[in-house]
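Quantities reported herein were computed from a predicted structural model and do not represent experimental measurements.
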Amino acid sequence: MTGHGSEYGGVKAAGRSVRARLRDGIAASDPGLLRLTAGLRTVGAIALTLAVLSFLDVDVTHLVAGAMAAMVATFAIREKQRGQQAVTLALGLPVALASVTLGALLSSRVVAGDLFFVALIFFAVYGRRFGDRGTALGLIGFQVYFLSLFVGATVSGLPELYGAIVIAFLSSALVRFVLVPETPGQILERLREAFRARLAQLVSAQLDLLDAGPDEVEKALEDVRSGTARLNETAMMIQGRLEDGTSDEAAARLVQRRIADAEIAAERLGLLLLTARSAERATTLTLHLPGAPVPAGGHLPVRDEASATLRRDLDALRMLVLRPVNGESGTALSHVRNRLLGYRDEENLPPASPAVQDVFRGIGEASRAVLGLRIALDGPQDDSDDSPATARSREELDAEDAAIDAGEDDTDDEEQTGLRRPTTRAAVQVAVGSSLAMVGGEFLSSHRWYWAVLTCWIVFLNTASTGEILVKGYRRLLGTVFGVVAGIVLAALVGQHTWTAFALVLLCVFAMFYTAPLSYTLMSFFVTAALGVLYTLLHTYSASVLLLRVAETALGAACGIVAAAFVLPVRTDRRTNELLVTVLDRLADVTEGAVDQLSGGPPVDLLDQARDLDQALADLRAATQPLTHPVTPLRARRDTARYVVALLETCAYHARSLAATAELLPTHPSIAADPRLRRAGRRIQHNIGALAAHVADERAAVEIETGPSIASLLEPDIPGTPRYGRVTDRVLRHLQRLDESVAGLARPLGMPVPAPRR
């Protein structure tokens with residue numbers, strides 16, 4: 001019996017392990033389950049609408065209209081608070097009814113209908129300046145007018161269309177608020193779990209990097225890069241949800257701090273592992289630049305006892321991130337945690353090379369960050385099995401928590417200004433482009449010209465420069481071409497089987513929303529495949545119709561590009577330069593605030609400034625996609641853009657590390673302010689300002705300052721200063737790397753660099 005019980009217990013544990021791995025994998029691939037929720041809500045709203053309409057025995061045309069209206073009513077709502085979502089949905093219904101009414105009234109008046117459609121497009125885009133609600137109402141107005149064209153709405157058929165649209169909106173509300181409910185707090189909780197899962201994945205990638213052979217190291221390093229970027233992405237998503245997801249401001253700031261600590265500790269651990277593989281210290285740039293050469297060395301020198309221990313402890317760190325402390329495994333995990341936190345003390349480091357010992361120190365700091373994260377997310381932990389090192393870490397974390405609780409965030413959010421002109425410009429551009437698409441589409445087809453207009457409208461969504469519109473148009477055309485092939489196959493398979501066809505449409509809709517944030521090409525593919533099935537249901541399907549869609553899509557994308565290039569154009573260079581200046585300004589803010597606080601100045605809100613820097617860098621990275629796209633013919637320009645972004649990511653890492661260290665000053669017993677650091681940071685701040693001035697105006701009379709290393713600016717040196725634990729070592733290392741990276745930006749940005757002055 002005992003043996004069978006043990007075997008049964010092992011099977012149960014294995015089952016739990018499989019479920020846990022599956023849950024963690026889903027959480028990491030879809031942070032907050034946002035994509036899954038969007039897909040389920042949209043499919044649920046469409047399915048419920050179809051069920052009600054079929055019960056009322058309406059014809060296929062109104063089934064299609066109801067399905068499209070339900071899809072629009074669901075995906076257009078973007079507010080985070082449920083009350084705001086309900087108000088927008090309620091306002092959207094009269095907008096939809098007015099739009100379909102005008103579509104039916106103007107269907108026989110070609111000129112008046114076209115003029116109204118252009119005006120509707122203009123105001124729908126202009127409505128973005130009013131935030132999420134203005135964007136949603138504009139989207140509903142445009143898409144429902146498009147729906148009236150798609151189903152051929154007439155005045156006599158308006159009552160049935162009204163009924164289908166009302167049912168669609170009610171179904172969307174029922175699914176959103178009852179069947180698939182979602183609160184900001186629930187989203188935040190799932191994002192926290194996603195952060196843990198992605199942190200564990202990054203540790204796994206770092207372990208693979210440690211073990212990779214010479215032929216595998218490039219791929220392993222790329223996995224570490226992508227894992228680091230995904231962890232940063234999740235941290236930023238959490239930052240964006242903290243205010244809405246919790247009513248306790250102190251608790252929100254505590255979570256923000258622990259997330260930042262864990263992110264920085266994980267990124268630093270990756271750099272230390274890369275150094276341990278190398279014959280010389282690795283540069284931070286290697287972690288951020290795809291294709292950067294791996295430093296000489298290729299693998300750990302020998303697989304001795306220390307390297308075996310290192311592998312074991314990295315695996316233990318990953319387990320510590322994921323596994324909760326409970327009655328069954330609490331004691332074992334406590335021993336693991338105590339051992340890892342012990343590496344924060346020099347006497348507990350195993351005999352090894354200095355580079356490998358640095359990795360053990362990094363594991364100790366990462367374990368402390370994980371302990372703080374666990375306390376912030378799960379509450380107080382059992383401390384009965386604490387070692388002295390663990391108890392000391394808890395005391396440090398408690399002191400930091402008390403400082404956060406006592407602090408008040410009195411930072412006022414600056415109101416965004418200057419949005420009116422960009423919004424108006426985009427509205428004018430899309431109105432002109434849509435007019436061109438309307439005229440050209442009429443030449444291709446007098447009945448389905450609206451596909452060109454739809455494409456022109458869509459390529460302007462969430463884009464801000466000509467290059468971004470070009471890339472988006474190319475991706476939509478590519479997805480449409482492959483979607484046409486799939487649509488032909490699916491239409492042939494379903495024939496006139498109505499419910500089989502709707503089932504396939506639901507699958508395509510779910511896939512469309514699930515893949516939309518990952519790949520615009522895939523989203524376009526599923527949209528076009530679903531349309532092939534819908535045309536079959538409406539008895540208007542033919543291969544020529546789908547091929548016409550490709551032609552209309554190409555025309556709409558071309559019209560959008562022409563309008564963006566010649567009507568109030570925003571060149572990609574101008575857009576990226578503006579964002580680059582913003583990144584440099586944010587970098588200057590974080591660096592100046594951190595150095596000032598480390599030098600004894602008053603505390604400032606460094607974590608929020610660091611997240612503003614991350615957001616500005618993410619915006620720049622997105623804006624440079626046209627320059628770094630694989631098909632771009634300008635190879636040198638592409639390499640320069642990648643190099644600049646990688647250098648800025650390196651700068652952001654060191655600035656975040658400085659900010660995190662500065663915030664420890666009031667509570668950490670081994671860190672003291674050093675007024676000499678203000679002098680050391682002066683050159684960095686000057687150089688960041690000079691770079692920003694040069695990017696803003698190439699004729700600006702500014703130049704980079706060069707000179708001796710940052711460390712030499714703090715002479716006389718203090719003998720016997722510990723390698724870790726004092727601000728005059730770790731901070732200097734970050735300042736030195738930041739100084740080198742900022743100066744390194746000068747050449748790719750076309751700024752002359754004077755010879756070093758001594």
Next on the checklist: Any heavy-atom pair between the side chains of Val485 and Val481 that's under 4.5 Å?
Outcome noted: no
Checklist outcome for this item: Nearest heavy-atom contact between Ile469 and Ala564 is CD1-CB, 3.4 Å
Next on the checklist: Between Thr624 and Val645, does the side chain to side chain contact (heavy atoms under 4.5 Å, CB included) criterion hold? Intermediate values first, please.
Outcome noted: CA-CA 9 Å; Thr624 57; Val645 171; 4.1 Å; yes
Checklist entry - Do the ring centers of Phe117 and Tyr450 come within less than 6.0 Å of each other? => result no
Item to check | Aromatic Tyr520 / basic Arg475 pairing, under 6.0 angstrom, 45° off normal | outcome: no
Checklist entry - Any idea which heavy atoms bring Val567 and Gln429 closest together, and the distance? => result O-NE2, 2.8 Å
Checklist entry - Does a side-chain heavy-atom distance below 4.5 Å link Glu552 with Thr455? => result no
Checklist entry - Does the side chain to side chain contact (heavy atoms under 4.5 Å, CB included) test come out yes or no for Arg549 and Thr480, once each step is laid out? => result CA-CA 8 Å; Arg549 172 159 165 73; Thr480 300; 4.1 Å; yes
Checklist entry - More than 12 foreign heavy atoms under 6.0 Å from CZ of Phe482: is that the case here? => result no
Checklist entry - If you take all heavy atoms of Leu490 and Cys508, which pair is closest and at what distance? => result CD1-SG, 4.4 Å
Next on the checklist: I want to check something: taking the side chain as every heavy atom from C-beta on, are Leu139 and Trp457 in contact at a cut-off of under 4.5 Å?
Outcome noted: yes
Checklist outcome for this item: Closest heavy-atom pair, Ala623 versus Leu579, reported as atoms and distance to 0.1 Å, is CB-CD1, 3.4 Å
Checklist entry - Any chance CZ of Arg82 has more than 12 other-residue heavy atoms, nucleotides or ligands included, within less than 6.0 Å? => result yes
Checklist entry - Quick check: are there more than 12 heavy atoms from other residues, nucleotides or ligands sitting under 6.0 Å from CD of Glu698? => result no
Next on the checklist: Quick one, Arg133 and Leu137 - any side-chain contact, counting heavy atoms below 4.5 Å?
Outcome noted: yes
Item to check | Any donor-acceptor N/O pair, Ser54 side chain to Ala51 backbone, under 3.5 Å | outcome: yes
Checklist entry - Are side-chain heavy atoms of Met512 and Met71 found at a separation under 4.5 Å? => result yes
Next on the checklist: Looking only at the side chains, is there a donor atom on one of Tyr162 and Thr101 sitting less than 3.5 Å from an acceptor on the other?
Outcome noted: yes
Next on the checklist: With side chain to side chain contact (heavy atoms under 4.5 Å, CB included) as the criterion, how do Phe177 and Glu182 come out once you've worked through the C-alpha distance, each side chain's angles and the decisive distance to 0.1 Å?
Outcome noted: CA-CA 7 Å; Phe177 299 117; Glu182 189 178 59; over 6 Å; no
Checklist entry - Heavy atoms, side chains only, cut-off 4.5 Å: are Val100 and Ile165 in contact? => result yes
Next on the checklist: Tyr145 vs Phe116, test: ring-ring contact (aromatic ring centres under 6.0 Å, His included). Steps then yes/no.
Outcome noted: CA-CA 10 Å; Tyr145 192 89; Phe116 174 77; 5.4 Å; yes
Item to check | Flag side-chain contact, heavy atom, 4.5 Å: Leu97 against Leu161 | outcome: no
Item to check | Proximity of Phe146 and Trp451 rings by center, below 6.0 Å | outcome: yes
Next on the checklist: If you define the side chain from C-beta out and look only at heavy atoms, does anything of Leu507 sit under 4.5 Å from Val43?
Outcome noted: no
Checklist entry - So with a 6.0 Å cut-off around CZ of Phe566, is the heavy-atom count from everything else above 12? => result no
Checklist entry - For the residue pair His62 and Ala164, what are the closest heavy atoms and their distance? => result O-CB, 3.9 Å
Checklist entry - Which is it for Tyr514 and Thr42 under the side chain to side chain contact (heavy atoms under 4.5 Å, CB included) test, yes or no, and what are the steps along the way? => result CA-CA 10 Å; Tyr514 194 78; Thr42 308; over 6 Å; no
Next on the checklist: Can you give me the closest heavy-atom contact between Ser148 and Gly103, atom names plus distance?
Outcome noted: OG-CA, 3.6 Å
